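So the structure is just underneath, and the comments pick up after that.
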Amino acid sequence: MVKIGLQFKATLENVTNVRPEGEDFRWFLKLKCANCGEIPEKWQYINLMDSVPLKGGRGSASMVQKCKLCARENSIDIMRDTITPYNAEDSERFKTMVQFECRGLEPVDFQPQAGFAAEGVESGTKFPEITLLEKDWTDYDEKASESVGIYEVTHQFIKC
């Protein structure tokens with residue numbers, strides 16, 4: 001079992017506490033089989049609501065799948081307690097947002113989509129349902145009378 005951290009990096013403008021919102025937040029990943037190196041073309045998602053039992057009664061995982069190339073059963077699980085918001089002071093630096101417990105699967109790419117939330121730095125204005133598919137998001141904070149945004153979203157994976 002290997003723990004892999006997804007590190008998030010963005011430039012924040014007048015927002016903080018950027019985070020995945022809710023148990024049904026979908027982490028869209030490309031996953032590589034650690035046994036044979038196969039990487040399926042399509043994006044796959046995992047979330048906290050899904051729990052699949054592992055063979056042999058070894059607990060459960062967010063996703064269990066059999067590799068189409070080598071037929072090995074692999075799993076990946078979201079480590080619930082590691083989900084951390086990305087704050088204003090983290091702007092333009094990599095910060096681990098979540099960790100995955102990997103058994104035979106290794107995330108190699110991440111596609112941020114819908115379901116993020118943030119708050120205005122000064123006003124505390126809530127910004128729910130942020131979509132980061134385009135790697136940029138902008139809005140206007142009425143309370144603070146200023147533009148807000150999340151720009152140049154990127155990521156990397158690290159072994160924890």
Side-chain angles (χ1 to χ4, degrees), residues 2-34 38-52 60-65 74-103 105-160:
V2 177
K3 291 180 183 170
I4 304 227
L6 168 61
Q7 291 196 320
F8 183 90
K9 179 180 168 188
T11 301
L12 303 184
E13 178 188 19
N14 302 317
V15 290
T16 193
N17 199 20
V18 177
R19 66 203 178 277
E21 188 80 329
E23 299 256 318
D24 59 346
F25 179 84
R26 294 179 175 184
W27 299 94
F28 281 87
L29 303 167
K30 285 210 176 172
L31 301 165
K32 176 173 99 174
C33 175
E38 171 73 4
I39 303 171
E41 285 294 310
K42 65 180 177 80
W43 291 97
Q44 298 170 291
Y45 72 83
I46 57 177
N47 64 44
L48 287 169
M49 291 176 31
D50 293 339
S51 183
V52 182
S60 63
S62 302
M63 173 192 282
V64 177
Q65 73 176 25
N74 301 314
S75 67
I76 185 168
D77 195 36
I78 302 166
M79 298 175 68
R80 178 185 301 269
D81 297 339
T82 67
I83 298 172
T84 309
Y86 191 81
N87 296 310
E89 59 269 16
D90 303 317
S91 188
E92 300 181 21
R93 292 193 323 239
F94 281 105
K95 179 182 179 182
T96 302
M97 187 174 264
V98 65
Q99 290 180 27
F100 304 105
E101 189 174 276
C102 305
R103 290 186 175 103
L105 286 175
E106 182 180 329
V108 292
D109 204 358
F110 167 64
Q111 184 179 59
Q113 293 195 11
F116 284 91
E119 295 168 9
V121 171
E122 299 299 322
S123 66
T125 300
K126 306 265 187 254
F127 296 98
E129 291 304 311
I130 295 172
T131 300
L132 294 176
L133 187 58
E134 301 297 323
K135 311 287 193 248
D136 288 317
W137 167 84
T138 57
D139 205 332
Y140 189 76
D141 187 337
E142 298 286 336
K143 281 187 201 170
S145 300
E146 60 189 11
S147 62
V148 294
I150 303 170
Y151 309 105
E152 300 169 6
V153 174
T154 188
H155 71 279
Q156 67 184 16
F157 293 102
I158 59 159
K159 287 194 174 163
C160 301

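Predicted, not measured: the structure shown is a model, and the values here were computed from it. Excluded from the calculations below are hydrogen atoms, water molecules and symmetry mates; all remaining heavy atoms, backbone and side chain alike, are included.
Residues F127 and G120 share a closest heavy-atom pair of CE1-N, 3.9 Å. Minimum interatomic distance between C33 and N74 (heavy atoms only, all atoms of both residues): SG-ND2, 3.6 Å. Taking every heavy atom of both residues into account, P128 and A117 meet most closely at CA-CB, 4.2 Å. Across all their heavy atoms, L31 and P107 have their closest contact at CD2-CA, 3.8 Å. When all heavy atoms are compared, the tightest approach of Q113 to F28 is OE1-CE1, 3.3 Å. The minimum heavy-atom distance between L12 and S91, with the atom names listed, is N-OG, 2.9 Å.
Listed by chain and residue number, nothing satisfies the side-chain hydrogen bond (donor to acceptor under 3.5 Å, both in side chains) test with D50 (two or more places apart in sequence, or in another chain). The side-chain contact (heavy atoms from CB on, under 4.5 Å) search around S51 returns S60, not counting sequence neighbours. Under the side-chain hydrogen bond (donor to acceptor under 3.5 Å, both in side chains) criterion, S147 pairs with E13, sequence neighbours left out. Residues meeting the salt bridge (charged side-chain N to carboxylate O under 4.0 Å, His left out) test with E146, sequence neighbours left out: none. Every side-chain contact (heavy atoms from CB on, under 4.5 Å) that V108 has, sequence neighbours left out, goes to K30, K32, I39. Every residue two or more places apart in sequence or in another chain that forms a salt bridge (charged side-chain N to carboxylate O under 4.0 Å, His left out) with E23 is listed here: R80. Q44 is linked by a side-chain hydrogen bond (donor to acceptor under 3.5 Å, both in side chains) to Q65, counting only residues two or more places apart in sequence or in another chain. Every residue meeting the side-chain contact (heavy atoms from CB on, under 4.5 Å) condition with V98, not counting sequence neighbours, appears here in chain and number order: L6, W27, I78, T82, I83, F100. Evaluation of the salt bridge (charged side-chain N to carboxylate O under 4.0 Å, His left out) rule for K143 yields no partner, not counting sequence neighbours.
A distance of 5.0 Å separates CD1 of I150 from CG of L132, quoted to the nearest 0.5 Å. The distance from the CD1 atom of I4 to the OG1 atom of T96 is 11.5 Å, given to the nearest 0.5 Å. Taking CZ of R26 as the start and CD1 of I46 as the end, the distance is 12.5 Å to the nearest 0.5 Å. Within the model, atoms CD of E92 and OG1 of T11 stand 4.0 Å from one another, a figure rounded to the nearest 0.5 Å. For the atom pair CE (M79) and SG (C102), the distance works out to 9.5 Å, reported to the nearest 0.5 Å.
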Residues 153-160 side chain polar contacts: donor-acceptor under 3.5 Å, at least two apart:
unit_1, atom_1, unit_2, atom_2, d
H155, NE2, D109, OD1, 3.3
H155, NE2, F110, N, 3.3
Q156, NE2, Q7, OE1, 2.5

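Using a 4.5 Å heavy-atom cutoff, the side chains of V15 and I130 are not in contact. The shortest distance between side-chain heavy atoms of W137 and F116 does not fall below 4.5 Å.
Each salt bridge (charged side-chain N to carboxylate O under 4.0 Å, His left out) pair with one or both residues in residues 93-103, not counting sequence neighbours, appears once here: D90-R93, D90-K95, E101-R103. The stretch residues 129-141 participates, sequence neighbours left out, in no salt bridge (charged side-chain N to carboxylate O under 4.0 Å, His left out) pair at all.
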Quiz item: How far apart are the C-alpha atoms of V2 and E106, what are their side-chain angles, what is the distance that settles it, and do they pass the side chain to side chain contact (heavy atoms under 4.5 Å, CB included) test?
Solution: CA-CA 9 Å; V2 177; E106 182 180 329; over 6 Å; no
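No side-chain donor-acceptor contact under 3.5 Å links N87 to the backbone of E89. A donor-acceptor pair under 3.5 Å is absent between the side-chain atoms of N17 and the main chain of A118, judged by distance alone.
Within a 6.0 Å radius of CD in E122, other residues, nucleotides and ligands contribute 12 heavy atoms or fewer. When the shell of 6.0 Å around OH of Y45 is examined, it contains 12 or fewer heavy atoms from other residues, nucleotides or ligands.
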